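Since the structure comes first, as structure tokens, the remarks are kept for the end.
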Amino acid sequence: MTSPNRLLQSAPRRAAQALAAVGAAALLLTGCGSDSDSGSDKTKSEAASGGETRTIKDATGTAVKVPAHPKRVVTLTQEDLDAVLALGVKPVGITNGQGLNKPPAYLEDKVKGINVVGNLLQPVMDKVLAAKPDLILAGDMQDENVLKQLREITPATLVTMAPTDDWKLSFRGVANAVNSLDKANKVIADYEAKAKKAGEELGENKGAEVSIVRWNPDGPSWMEKKQFASGVALDMGLKRPKTQDKDGNAHTPALSLEKISEIDGDWLFLSTLTSDGEKALKDVQEKPAYKDLNAVKKNHAVTVNGSVWSTRGGPLASDAVIDDITKALKK
């Protein structure tokens, strides 16, 4: 089981894994080729796709044979779902969003009619089996027992994310798995152009300092510069407050009220992932320490969707963050 904090790891764990993770993630974009196996060597995924396969390496560096043109894709994370939808691939099975008992709201209109096969990284095997996948995108699944069961359903099961991957790298990896790298590169180029243009149109708030915070039941955590939503803000030409100008894709431990000044900025974007976190945020908004923040005094504190802002993200989530920032800052 993986907690809702999975996508924003603590600094000690991240540091220990960084070197291996970066190297492994890069492998996801290599190892392409074709195979012409026959007879007893054909896998279930080969049979489903007519026999034509490619061999790629996933985010752990494992060589995996996948259908050259997968037709029945199951995604086990919100990020994998975001990625395949952005590529025009409609999966046959999905999981609920991070911290949710339903698919994320920002993708709701795109997943109507698709079967839910479990919660985030917690697939129900019978439901996955019923989906008859020829490709399973398993996100950052680290449970070897679960991976073994998934690979019994189809050997074409990929770990698509390493701990330090940003969304663009993971997205390209997913695109490679479904044989759509060229399309992924165009999606990223379009996103970068949109982010730059949106940032240039922010008027007096162009280049403003934005604080990006997730409110937990025990207090706020600000996001490091390489965390997903922060990366989008930086692509828009915005800045982070000096206290938050730290490399990394994690978040700080929950801060006490005595340190709440660390979350201040020209603008403050606040998200939650659980009902307990939402209640904690509402409670603190009545306290003098919160009301004394400059962003709050200026009415520059904005509540945003945690299932978009507090994840690893993807192309569609990136568009949502750009739209949220533009709506708040554009005058």
Side-chain angles (χ1 to χ4, degrees), residues 2 6-9 14 17-18 20-32 45 53-68 70 72-98 103-104 107 117-123 128 131 133-144 146-151 153-181 183-185 187-188 228 249 311-318:
T2 307
R6 85 186 217 288
L7 299 179
L8 301 171
Q9 299 192 26
R14 188 188 69 247
Q17 294 176 317
V22 170
L27 290 173
L28 190 57
L29 306 183
T30 66
C32 299
S45 56
T53 65
R54 302 163 58 242
T55 298
I56 64 175
K57 289 186 178 181
D58 74 2
T60 69
T62 302
V64 182
K65 191 175 293 185
V66 299
R72 300 188 64 82
V73 180
V74 166
T75 63
L76 300 186
T77 68
Q78 176 176 314
E79 293 77 21
D80 290 332
L81 174 59
D82 185 308
V84 297
L85 291 174
L87 293 167
V89 175
K90 186 172 182 178
V92 295
I94 63 175
T95 52
N96 290 319
Q98 184 175 355
L107 299 176
V117 300
N119 291 327
L120 176 76
L121 291 173
Q122 295 177 305
V128 176
D134 60 1
L135 178 66
I136 298 174
L137 302 177
D140 57 340
M141 176 70 73
Q142 298 174 27
D143 190 321
E144 290 298 329
V146 174
L147 285 171
K148 181 181 178 181
Q149 293 178 67
L150 292 170
R151 285 167 179 152
I153 295 173
T154 175
T157 296
L158 294 173
V159 176
T160 61
M161 307 173 194
T164 56
D165 290 353
D166 65 20
W167 75 262
K168 296 175 187 177
L169 180 56
S170 294
F171 176 52
R172 285 190 171 104
V174 170
N176 188 37
V178 299
N179 213 352
S180 296
L181 260 180
K183 188 167 186 177
N185 289 332
V187 169
I188 290 172
F228 161 63
N249 65 348
T311 67
R312 278 191 178 169
L316 303 180
S318 298

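Values in this document were obtained by computation on a predicted structure and should not be read as measured data.
Taking CD1 from I94 and CG from L81, the interatomic distance works out to 5.5 Å, rounded to the nearest 0.5 Å. Between atom CG of residue L181 and atom CZ of residue F171 there is a gap of 9.5 Å, rounded to the nearest 0.5 Å. Separating the CG atom in L120 from the CG atom in D80 is a distance of 10.0 Å, to the nearest 0.5 Å. In this structure, OG1 on T53 lies 12.0 Å from CG on D134, to the nearest 0.5 angstrom.
Side-chain N/O atoms of R312 and N249 include no donor and acceptor closer than 3.5 Å.
Side-chain atoms of V159 and T62, non-hydrogen and from C-beta on, never get closer than 4.5 Å to each other. Using a 4.5 Å heavy-atom cutoff, the side chains of T160 and E79 are not in contact. With contacts defined as side-chain heavy-atom distances shorter than 4.5 Å, the pair L158/I56 qualifies. Side-chain contact check for P91 versus L85: some heavy-atom pair is nearer than 4.5 Å. Residues T157 and M141 form no side-chain contact, since every pair of their non-hydrogen atoms from C-beta on lies 4.5 Å or further apart. With a 4.5 Å cut-off on side-chain heavy atoms, P163 and D140 do not count as touching. Contact of the L121 side chain with the T77 side chain is registered, since non-hydrogen atoms from C-beta on lie closer than 4.5 Å.
Listed by chain and number, the residues in a side-chain contact (heavy atoms from CB on, under 4.5 Å) with N96 are K102, P103, V116, N119 (sequence neighbours excluded). Listed by chain and residue number, D82, Y106, F228, V308 satisfy the side-chain contact (heavy atoms from CB on, under 4.5 Å) test with A317 (two or more places apart in sequence, or in another chain). With sequence neighbours excluded, the residues that form a side-chain contact (heavy atoms from CB on, under 4.5 Å) with N185 are R172. Contacts of V92 classified as side-chain contact (heavy atoms from CB on, under 4.5 Å), with partners at least two apart in sequence or in another chain: R72, V74, A131.
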Problem - W167 vs T311, side-chain contact (heavy atoms from CB on, under 4.5 Å): CA-CA, chis, key distance, verdict - result: CA-CA 10 Å; W167 75 262; T311 67; over 6 Å; no
